[in-house]
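In this text the structure is predicted, and so the values were computed from the model without any measurement. Order of appearance sets the numbers: ligands from 1, and atoms from 1 within every ligand. The figures here come from the full heavy-atom set of this structure, side chains too, leaving out hydrogens, waters and symmetry mates.
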Amino acid sequence: MCGIVAYIGHREAFDIVVKGLKRLEYRGYDSAGVALMNGDLRIYKSQGKVSDLEAISEGKDKSGSTGMGHTRWATHGAPNNENAHPHLSQSGDISIIHNGIIENYVTLKEGLIQRGHSFISDTDTEVLVHLIEDIMEHSKLSFVDAVRSALKQVVGAYAIVILSKNHPEHLIAARKGSPLVVGIGEERGEYFFASDATPIVEYTKKVIYLKDNEIAIVENQEMIIKNIENVVQAPYIQELELNLEQLEKGGYPHFMLKEIYEQPKSIFDSFRGRFNSATSEFHMRSIEEYGDKLKDIKRLILLGCGTSWHAGLVAEYLFEDFARLPVEVEYASEFRYRNPVLYSDDLVLAISQSGETADTLAAMDLAKRKSATVFGVCNVVGSSIPRLSDAGAYTHAGPEIGVASTKAFTSQVTVLTLLALGIARLRGTMNIKAIASVMRELEQIPEKVEKALKLNDEIIVLSEKYKNAQNFLFLGRGYNFPVALEGALKLKEISYIHAEGYPAAEMKHGPIALIDENMPVVVVATNSEHYEKVVSNIQEVKARKGIVIALVTEGNTSLNDLVDHVLEVPETIEYLSPLVNTIPLQLLSYHIAVMRDCNVDQPRNLAKSVTVE
Ligand code: AGP
């Protein structure tokens, strides 16, 4: 997701726009740009942070009481100067900034090229501003009507602001599927536009949240709002109540909680457009381009650190079950210092949210030097790990600001599930119906995660009860052994309570000595082939007066008399159960940490990306 800011009024626009872009930095950025107008139209843009944009603007003409700016979170297309917004029309007279995806941009672009247009970037946004100008030239429509006509041809989502050198008295903004807020300035003719209210709130509390298919038109200091059919809309002006910090977190008290609640969407975004459950076809470039290689690989080596390593452990079960591949899951920090035996028919797959983890990068480099094919699954477009990878897939989870990884984990598992299914299809190790069945269940997961999030209130009660425990044990079997590890990591890294994750069966080989009436034991006991054995493990804990918090499949009341607390999670197939079962464990660690007054988003001693050894 990108961030857009615009201003028109009596003040100098540059400082307002740049300060606003900094307010939107939590949305992520890999390039930034501004357009300024006072008679002429000047554009400054650069790869990197908003501070880099300020640096390149130094000493240049930054005058103008009309302006707009953009921070780009690349979802496709490298983060570089050419792809940075704002973009210009063929003549350079019209400029646009855009947040969203124009799905039919290739078709539109082909038509424009046939009509003599040439393009500088490979973005969908540049196509839209060329289309607007093309319509004005060929249809003699007004600037505003040409924008409306162009938007009616767009398939996809947009929040846009458009300026024209030939119409300096105009500023046009529109939205469909991406948020756009209008701030009503104190002075006549003063308006602010932004992806959310954070860049606006310090200037005015009066805002209008544009609705889908609405267009805001500022002309000669007056603003009207029309719908895409040119019908004037009665704007609903609201008074902002949240303060700036709350606004950046979308109203949540912490980024981590916001990101936990984003998971229905982030999981959907991780698989959107990548498969067709009706035909069980895949649309993943790494599978298409490396199909022959993937058919012949003899072994898969998964590399990662921390939570990403846990995602690899889930993937081990998936690739074994679906693609019948031997799998090794390696701590990247260990792998990089070994002298591993690798072959050219090995596939090494690095998993990383940040794409900058030093140990993972070094392990990848070692694998490449030993002639293995190296893939990457990463969340940050254009980061080092994708650049070092031969191929791979982005998780599209959106920026993850909280140091404790939550939505990145479930997005990693989602993408790894798709890769495992795709390779299974290539290798013929899974029949088409079985693949389609998993795909159809995966399509249900966002809704099931939404339902699992409703455990929040029950988990707050549990957190209050156990927030002062000195130790926790997390147990799981099979696909949910990595879930136990992830639950333990979440708790220890943000609440500073010592917690260990273990395969449930492994408890009797030592950890059972730790069990007493002060030890909460979280057991993932959802429906699976191991369920009865997990129940036996629960009985072993209870026999030693341990406290058991059991995750069970909704409707299963058979453990209610045996355990101390039951959390019922939506049922899904075992392959996909980590996506649902992890949710209550994230909420448990979050609430306990908050109750212990820990710094949830920036836990002590930790960094979001460990770029050092
Ligand atoms: C997870 O909550 C931690 N923040 C940490 O273990 C993290 O997963 C690890 O440092 C790997 O980071 P990466 O995914 O960016 O490579």
Just so I know, are the side chains of Glu330 and Val348 near enough to count as touching, which here means a heavy-atom distance under 4.5 Å? no

A student checking ligand 1 against Thr307 at a 4.0 Å heavy-atom cut-off should list atoms 1 (C), 2 (O), 6 (O), 8 (O)

Inspect the contact between Asp346 and Lys370 and indicate whether a charged nitrogen and a carboxylate oxygen are less than 4.0 angstrom apart. no

For atom 10 (O) of ligand 1, the closest protein heavy atom turns out to be Val610 CG2, 3.9 Å

Side-chain heavy atoms of Glu328 within contact of Leu302, under 4.5 Å: no

Check whether more than 12 heavy atoms from other residues, nucleotides or ligands sit under 6.0 Å from atom NZ of Lys451, and answer yes or no. no

In the protein, what heavy atom is nearest to atom 11 (C) of ligand 1, and what distance, to one decimal place, separates them? Cys305 O, 3.4 Å

Please indicate whether any nitrogen or oxygen in Thr360 is less than 3.5 Å from any nitrogen or oxygen in ligand 1. no

Would you mind listing which atoms of ligand 1 come within a distance below 4.0 Å of any non-hydrogen atom of Ala404? 2 (O)

The answer for which part of Glu493 has a heavy atom under 4.0 Å from ligand 1 is side chain

Does any N/O atom on Gly306 come nearer than 3.5 Å to any N/O atom on ligand 1? no

Is there a side-chain contact between Met595 and Ile460 in this structure, where contact means two heavy atoms from C-beta onward sitting under 4.5 Å apart? yes

Within-4.5 Å side-chain heavy-atom neighbours: Tyr502 and Pro511: yes

Do other residues, nucleotides or ligands put more than 12 heavy atoms under 6.0 Å from the NZ atom of Lys465? no

Name the residue from Val377, Asn379, Thr307 that meets the side chain to side chain contact (heavy atoms under 4.5 Å, CB included) definition with Gln353. Asn379

Provide the number and element of each atom of ligand 1 under 4.0 Å from a heavy atom of Ser308. 8 (O), 13 (P), 14 (O)

Proximal ligand 1 atoms for Gln353, defined as those under 4.0 Å from one of its heavy atoms: 13 (P), 14 (O), 15 (O), 16 (O)

In ligand 1, which numbered atoms sit nearer than 4.0 Å to a non-hydrogen atom of Val403? 2 (O), 4 (N)

Per-atom contacts of ligand 1 with Ser405, taking only distances under 4.0 Å to non-hydrogen atoms: 1 (C), 2 (O)

Relative to ligand 1, is Thr357 under 4.0 angstrom through side chain, backbone, both or neither, heavy atoms considered? side chain

Can you find a non-hydrogen atom of Lys490 under 4.0 Å from ligand 1? yes

Test side chain to side chain contact (heavy atoms under 4.5 Å, CB included) applied to Leu300 and Leu349, Leu294, Val329, the passing residue: Leu349

